[in-house]
Amino acid sequence: MIEVRQVVKRFGDILAVDGIDLSVRKGEIFGLIGHNGAGKSTLFKMMLGLESPTSGEILVDGQPPRGEAFRQVRRALGYLPENVVFYDNLTGLETLWFFADLKRANRATCPDLLAKVGLGDASRRLVRGYSKGMRQRLGFAQALLGQPKILFLDEPTNGLDPEGIREFYRILEELRAQGVTMILTSHILAEIQGRVERLAIMKMGKICAMGSLQSLREQTALPLRFRISCPDDSAEPLRLMLGQVGGAIVYEGSRGMLIVECPRMLKMEVLRVLASATKEVTDIQIEEPTLEDVFLGYGIERDQASKPNSGLSEGRQ
Amino acid sequence: MRIDFRQVATIASKEFWDRIRNRWVLVTAIVFAAFGLAIAYFGAAQQGGVGFMGIEVTIASLVSLVIYLVPLIALILGFDAIVGERERGSLDLLLSMPITRFELLLGKFAGLSAALAFSTLAGFGLTGILLSSQQIDLSGLYHYFVFVLSALLMGMAFLSIAVLTSVLASDRARASGAAIGVWFFFVLVYDLVLLGILVGTGGAIGAKAFPFLLLLNPADVFRILNVFSSEQARTFYGLATVFPQTLSNLWFLSLIMVLWIAAPLGLAAWRFK
């Protein structure tokens, strides 16, 4: 449905998108994860024909995103831009009418769409008085105009409350059942990981990993980290003991704190060593890094101190 | 690429109804009508008289007012047409619709032109109706008609320049600055510079080129259009002496005005990629 081949986008000196290949299959929900500024929105804009790539090729529903032929494709595209902004002087319903006219969608479907996204009661109120979440819902309704075949949703849950987020994904499931292809971006992996079939993780204009959640987990062999509190004088002996576990990396975090990093399969072995050292160990914390930690480097201050211990060093800064 | 006029009409109708709803059209029409009537009845106050002084004098006074007012109103109307959407963040959404950039531009221009036309025709039309209760002959009415129409054409020319500004500017603040600059240049500075050249060179450079240089300013084209549509005004201005007969043809001048509408819009379409 969507083919992206070797696409590069350069803005002056800045390389926003740096040689991306991906393809989205018909009827799948595809997630694009990355920090703000990773190039997700730029990639989106190129797929929609709003920006032209510096080099590379894009096909959406078999058409390059330009020219008269793509106008027909556009009728069947839905786009929810990041930070969607509408006209303050129109009501929700009038806003939807306007975009329905542009898309040649039936105006009569607008009230139902508004009800579907939870704006039924606010449809005759001016958008000026809408909250951020309501604007986002209106944007989603707009994207659904004309029964699109492909949906581009840029940070779709931005500004929604938890209830709204659940509702949003429920509608997405409904659309998936109808065979709609969807591609959505987020900077929060945890939120979309259970809801997309495949995802790509973008960093600094590149895709650093792609696949189903399961395959990403397998690829990464996520390392575990033990934080061990111990009295000062027992740090050294403990270090020697742990050093005997092949494959574990041991180093001193702060005073009275040892840190052990090891592949998941060594977990029990490390625990056995620690269990035998009742005198040396006063406390243990086990951290289980998520995919997010590995790919996006969120949270833990690991990266300055530790050495990469999986084959995914390109996934880190 | 094919132009889909339904898309143009959708954009145009939104722009037009926006101006109706926010009362822009109403207020502008009232301003035009108020100025029109004030000038018709008090225009001759300096000469010590109050009351209607005849259609030709009224038109001459209206021309000197409108030449300031209409370009300013048109520029203010159009300067944020594109840059406003861009700054608001709605441009990407609009362009993701099955619409080309040219259709969007054309729709914006058409809708804003319609708003301008509506208020111009309503405002000066009202004045015209009240004037026609006075004794006005057919040729006087014709000159008034030419005046209203040429005012609208001039407005559209400046609207077209405003739309160009809104395509070129990177933000609204710059666009409004540029629009004011355009007004300053064409309405205030241009004639002065022309006059300066004419006087400074003792008429050596200017005389032949002068009429053509006037055509390079839509405000001047408007003035000439109104001067040459009336015998009385022509002698009043004394312009006939410097202006060759061939260039003073009403249709020719209207064509120039239409070019002044099309050219900036064409340039805007070319730059809006």
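Small disclaimer: the values here were computed from a predicted structure and weren't measured. In what follows, every chain begins at residue 1, and chains take the letters A, B, ... in the order their sequences are listed.
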| message | Using heavy-atom distances under 4.5 Å, tell me whether A/Gln142 contacts chain B through its side chain, its backbone, both, or neither. | response | side chain

| request: Using non-hydrogen atoms and a 4.5 Å limit, figure out which bit of B/Arg21 sits close to chain A: side chain, backbone, both or neither. | output: side chain

| message | Do A/Glu191 and A/Ser186 pair up side chain to side chain, a donor and an acceptor below 3.5 Å, judged on atom types alone? | response | no

| message | Between B/Asn22 and chain A, with a heavy-atom cut-off of 4.5 Å, which part of the residue counts as in contact: side chain, backbone, both or neither? | response | neither

| task | Please assess A/Trp97 against A/Leu145 for the test side chain to side chain contact (heavy atoms under 4.5 Å, CB included), listing each intermediate value before the final yes or no. | result | CA-CA 10 Å; A/Trp97 280 345; A/Leu145 279 167; over 6 Å; no

| query | Distance under 6.0 Å and angle within 45° of the ring axis: does A/Lys132 meet both against A/Tyr130? | reply | no

| note | Bottom line for A/Leu77: the part with an atom under 4.5 Å from chain B's heavy atoms is neither

| At a heavy-atom separation under 4.5 Å, does B/Arg101 approach chain A through its side chain, its backbone, both, or neither? | side chain

| message | Does B/Phe124 form a ring pair (Phe, Tyr, Trp, His ring centres under 6.0 Å) with B/Tyr144? I'd like the steps, not just the answer. | response | CA-CA 9 Å; B/Phe124 289 120; B/Tyr144 190 75; 7.2 Å; no

| field | Interchain contact, A/Phe70 with chain B, by part (heavy-atom threshold 4.5 Å) | value | neither

| Can the ring centroids of B/Trp260 and B/Phe186 be said to lie less than 6.0 angstrom from one another? | yes

| message | Please rank B/Glu85, B/Glu103, B/Gln7 by heavy-atom pairs under 4.5 Å with chain A and give me the top one. | response | B/Gln7

| note | Note: vs chain B, highest number of non-hydrogen pairs under 4.5 angstrom among A/Glu94, A/Arg104, A/Glu82, A/Lys103 is A/Arg104

| request: Please check if any side-chain donor atom of B/Ser176 sits under 3.5 Å from a side-chain acceptor atom of B/Asp80, or the reverse. | output: no

| field | Best-contacting candidate, A/Ala143, A/Gly67, A/Gly49, against chain B by heavy atom pairs under 4.5 angstrom | value | A/Gly67

| Region of A/Glu51 that comes under 4.5 Å of a non-hydrogen atom in chain B | neither

| note | Max heavy-atom pairs within cutoff under 4.5 Å with chain B, candidates A/Val84, A/Leu48, A/Asn89, A/Val73, goes to A/Asn89

| query | For the residue pair A/Phe44 and A/Phe152, does the interplanar ring angle fall in the parallel (under 30°), tilted (30 to 60°) or perpendicular (over 60°) class? | reply | perpendicular

